[in-house]
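Below, all heavy atoms of this structure are taken into account, side chains as well, without hydrogens, waters or symmetry copies. Keep in mind that what you see is a predicted model, and the values were worked out from it rather than measured. Quick note on labels: first sequence line is chain A, next is B, and so on, each numbered from 1.
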Amino acid sequence: MTFLIICILAALVFLSRYLFLEPKLPIKLSAKGERFLHFSAPTVLTAIAAPVVLLPEQAGSESPELWLAWDNPYLIAALFCVVIIRLTGNVLLTTVLGMGGFVLLSQVLLGHGA
Amino acid sequence: MIPDTFSRLGRLNPLSPFSRFNRGALAMSPLTIAVLPWGVLVGSLAIDAGFTLWESQALSAILFAGAAQLVVIGMLSGGAGLLALLVTVFFITSRHLLYSVAMRSRISPLPLRWRLVLGFLLTDELFALSSSGLSPSEQGSSAKKSADKSAAVEPEFDRWFALGAGLSFYLIWNLATLAGILLGNHFPQMSHWGLEFAVAATFIALVVPQITGWPVAISVFVALLLSVMLHLYVVPGALALAALGGMCAGYLADQIAESMSGEERLGESQSAFSEASSCSETSEEPTR
């Protein structure tokens, strides 16, 4: 039963990924449409990353809370990542240093972590 | 820098599918590494919630969507019905519709089997990579200059590069899940370690270099603001809505910037988007 449900949900997810890749779908994107979609990558990625950084799950709280303060290790580490990528342009280096910085910060600022 | 070297190599001597596949996997590696802890987490949470080994692995192998997997694990173990699951997963997965529209011009001309495979592999991460400067498909303009040097005409979208990126990501995601399944609940605190930050770090690293002008900067700022607000109030489909709002703002700023350099027809383009709440605050910005 669980397996069947997983398959049905997988079909839904696949459909959402595949739908507009189907050439038979009668959609023609205008130059303006392409221009509009040009903004999709930076905005979606930002929309995914922003809550991770500014609304991190905090122990003992059920609903999301805005944590806009200097003792938020997610926020400091995120700003650190912005600096590294601007300086180096290297995604892998930014990921590794950002993650290392985050682990360090969360131990210093929160007294817990990995 | 690495991407430059790669694209130059790609233009001078058309590489074999195998090495293009490898280049894709290599370019994807930061995102693949970042998602490792998440994969482990998803596996161990599934086992924790009472899923069998095969069900836990199937979540990663056939559903293959981190955020949706976490929700399915939580809801199924909580006894939710199929309809509730479908609706929730639809909202989470709605952003993929955006990816598929954005990738349409590049993937829809490919043969069916390529479309199916790349469609299945079209995660946040693959979309992120395909839209970033790390992907050879975005090098179209610079490739034209030396197009005569490469005998075989390289298509704008490198399917083997995308396959290498997507498939390596898929394999590692599933291996990480397996590791999580085997570790089980040995690390019950893992979900509180903040490991999801790794994904945020890669996304920041991919977005920042894309901010090349005011329109993109504005679109990113609006998406950030909207995403935080919508998530704060637990609005369904918050991701897709925030992204669409940001896109509206960026597009509008782009149009304004363009008409400022050309004729003045500000009024028209502004009224067209007056419905989108996010767009109003951005209208002054591009005047600088």
- Which answer fits B/V199, side chain, backbone, both or neither, if we ask what part of it has an atom under 4.5 Å from a heavy atom of chain A? neither

- Query: Does any heavy atom of chain B fall under 4.5 Å from the side chain of A/I84, the backbone, both, or neither of them?
  - Reply: neither

- Note on the structure: Comparing A/L19, A/L25, A/T46 against chain B, the one with the most heavy-atom pairs below 4.5 Å turns out to be A/T46

- Query: Of the backbone (N, CA, C, O) and the side chain (C-beta and beyond), which part of A/V53 lies under 4.5 Å from a heavy atom of chain B, both, or neither?
  - Reply: side chain

- Task: Give, for atom CZ of A/F3 and atom CH2 of B/W54, the distance between the pair rounded to the nearest 0.5 Å.
- Result: 9.0 Å

- Message: Quick one, B/F203 and A/V52 - any side-chain contact, counting heavy atoms below 4.5 Å?
- Response: no

- Report the C-alpha distance between B/L85 and A/I5 in whole Å, list the side-chain angles of each, state the deciding distance to 0.1 Å, and finish with yes or no for side chain to side chain contact (heavy atoms under 4.5 Å, CB included). CA-CA 9 Å; B/L85 272 165; A/I5 291 179; 3.8 Å; yes

- Which atoms of B/T123 come close to chain A, meaning under 4.5 Å heavy atom to heavy atom: side chain ones, backbone ones, both, or neither? both

- Residue, of B/A240, B/A243, B/A223, that accumulates the most heavy atom pairs under 4.5 Å with chain A: B/A243

- Note on the structure: All heavy atoms of A/T2 vs all of B/F51, minimum pair found to be CG2-CE2, 3.7 Å

- Task: Quick one: which of A/I8, A/L15, A/L55 has the most heavy-atom pairs under 4.5 Å with chain B, could you say?
- Result: A/L55

- Item | Flag side-chain contact, heavy atom, 4.5 Å: A/M99 against B/I33 | no

- Distance (rounded to the nearest 0.5 Å) between A/K28 NZ and B/R104 CZ: 8.5 Å

- Message: For B/L31, which atoms come within 4.5 Å of any heavy atom of chain A: side chain, backbone, both, or neither?
- Response: neither

- Task: Among B/A201, B/S94, B/S100, single out the residue with the greatest number of heavy-atom pairs under 4.5 Å to chain A.
- Result: B/S100

- Look at the aromatic rings of A/Y74 and B/F197 and report parallel, tilted or perpendicular, splitting at 30° and 60°. perpendicular

- Item | Option in B/L206, B/T202, B/V220 with maximal non-hydrogen atom pairs under 4.5 Å from chain A | B/V220

- Quick one: what part of B/F127 sits under 4.5 Å from any heavy atom of chain A, side chain, backbone, both or neither? side chain

- Kindly indicate whether the side chain of A/F14, heavy atoms from C-beta on, has any atom under 4.5 Å from the side chain of B/L116. yes

- Task: Please name all residues satisfying salt bridge (charged side-chain N to carboxylate O under 4.0 Å, His left out) with B/R115, sequence neighbours left out, ordered by chain then number.
- Result: A/E22

- Query: So which part of B/L76 gets closer than 4.5 Å to some heavy atom of chain A, the side chain, the backbone, both or neither?
  - Reply: side chain

- Structural part of A/A77 lying under 4.5 Å from a heavy atom of chain B: both

- Note on the structure: What one should report as the nearest heavy-atom pair of B/A242 and A/A47 is CB-CB, 4.0 Å

- Query: With a 4.5 Å limit on heavy-atom distance, are the side chains of A/V44 and B/L239 in contact?
  - Reply: no

- Count the heavy-atom pairs under 4.5 Å between each of A/A41, A/C7, A/A11 and chain B, then report the option with the highest count. A/A41

- Part of A/L92 within contact of chain B (heavy atom distance under 4.5 Å): both

- Using non-hydrogen atoms and a 4.5 Å limit, figure out which bit of A/L9 sits close to chain B: side chain, backbone, both or neither. both

- Task: For chain A, find which of B/A67, B/P109, B/A198 contributes the most heavy-atom pairs closer than 4.5 angstrom.
- Result: B/A198

- List the steps, then state whether side chain to side chain contact (heavy atoms under 4.5 Å, CB included) holds for A/F39 with B/D254. CA-CA 10 Å; A/F39 295 99; B/D254 196 39; 4.0 Å; yes

- Greatest number of heavy atom pairs closer than 4.5 Å to chain B - which of A/L54, A/I6, A/T94: A/I6

- Heavy atoms only: give me the nearest B/A34-A/T95 pair and the separation to one decimal. CB-CG2, 3.9 Å

- Query: To the nearest 0.5 Å, how far apart are CZ in A/F36 and OG in B/S219?
  - Reply: 10.0 Å

- Task: Report the distance from atom CD1 of A/I48 to atom NE2 of B/H231, rounding to the nearest 0.5 Å.
- Result: 9.0 Å

- Side chain of B/S108, backbone of A/L21: donor and acceptor closer than 3.5 Å? no

- Specify which of A/C81, A/A50, A/G98, A/P51 makes the most heavy-atom pairs with chain B at under 4.5 Å. A/P51

- Which is it for A/H38 and B/M247 under the side chain to side chain contact (heavy atoms under 4.5 Å, CB included) test, yes or no, and what are the steps along the way? CA-CA 8 Å; A/H38 177 73; B/M247 287 165 74; over 6 Å; no

- Item | Winner by heavy-atom pair count (cut-off under 4.5 Å) against chain A, out of B/P209, B/A128, B/A205 | B/A205

- What are the residues of residues 57-66 of chain B, in order of number, with any heavy atom under 4.5 angstrom from a heavy atom of chain A? B/A58, B/L59, B/I62, B/L63, B/F64, B/A65

- Contacting region of B/P215 [heavy-atom separation from chain A under 4.5 Å]: both

- Task: Could you tell me which portion of A/L93 (side chain, backbone, both or neither) has an atom closer than 4.5 angstrom to a non-hydrogen atom of chain B?
- Result: neither

- In terms of heavy-atom proximity below 4.5 Å to chain B, should A/L66 be classed as side chain, backbone, both, or neither? both

- Item | chain A contact via B/L82 - which portion, at a heavy-atom distance below 4.5 Å | side chain

- Item | Non-neighbouring partners of B/T93 that pass side chain to side chain donor-acceptor pair (under 3.5 Å), sequence neighbours left out | A/S16, B/H96

- Worked verdict on B/L232 versus A/E65 for side chain to side chain contact (heavy atoms under 4.5 Å, CB included): CA-CA 7 Å; B/L232 202 53; A/E65 273 173 58; 5.5 Å; no

- Message: When you compare the side chain of A/T43 with that of B/L224, does any pair of heavy atoms fall below 4.5 Å?
- Response: no

- Message: A/S40 and side chain to side chain contact (heavy atoms under 4.5 Å, CB included): which single residue from B/V101, B/L98, B/L244 fits?
- Response: B/L98

- Given that the side chain runs from C-beta out, which part of B/F90 has a heavy atom under 4.5 Å from chain A: side chain, backbone, both or neither? both

- Residue set satisfying salt bridge (charged side-chain N to carboxylate O under 4.0 Å, His left out) with B/R95, at least two apart, ordered chain then number -> B/D124

- Using a strict cut-off of less than 4.0 Å between a Lys/Arg side-chain nitrogen and an Asp/Glu carboxylate oxygen, indicate whether A/R35 and B/E258 qualify as a salt bridge. yes

- Checking A/R17 side chain against B/G119 main chain: does a donor-acceptor pair fall under 3.5 Å? no

- Check whether A/L29 gets within reach of chain B through its side chain, its backbone, both or neither, counting any heavy atom under 4.5 Å. side chain

- Flag side-chain contact, heavy atom, 4.5 Å: A/P42 against B/I211: no

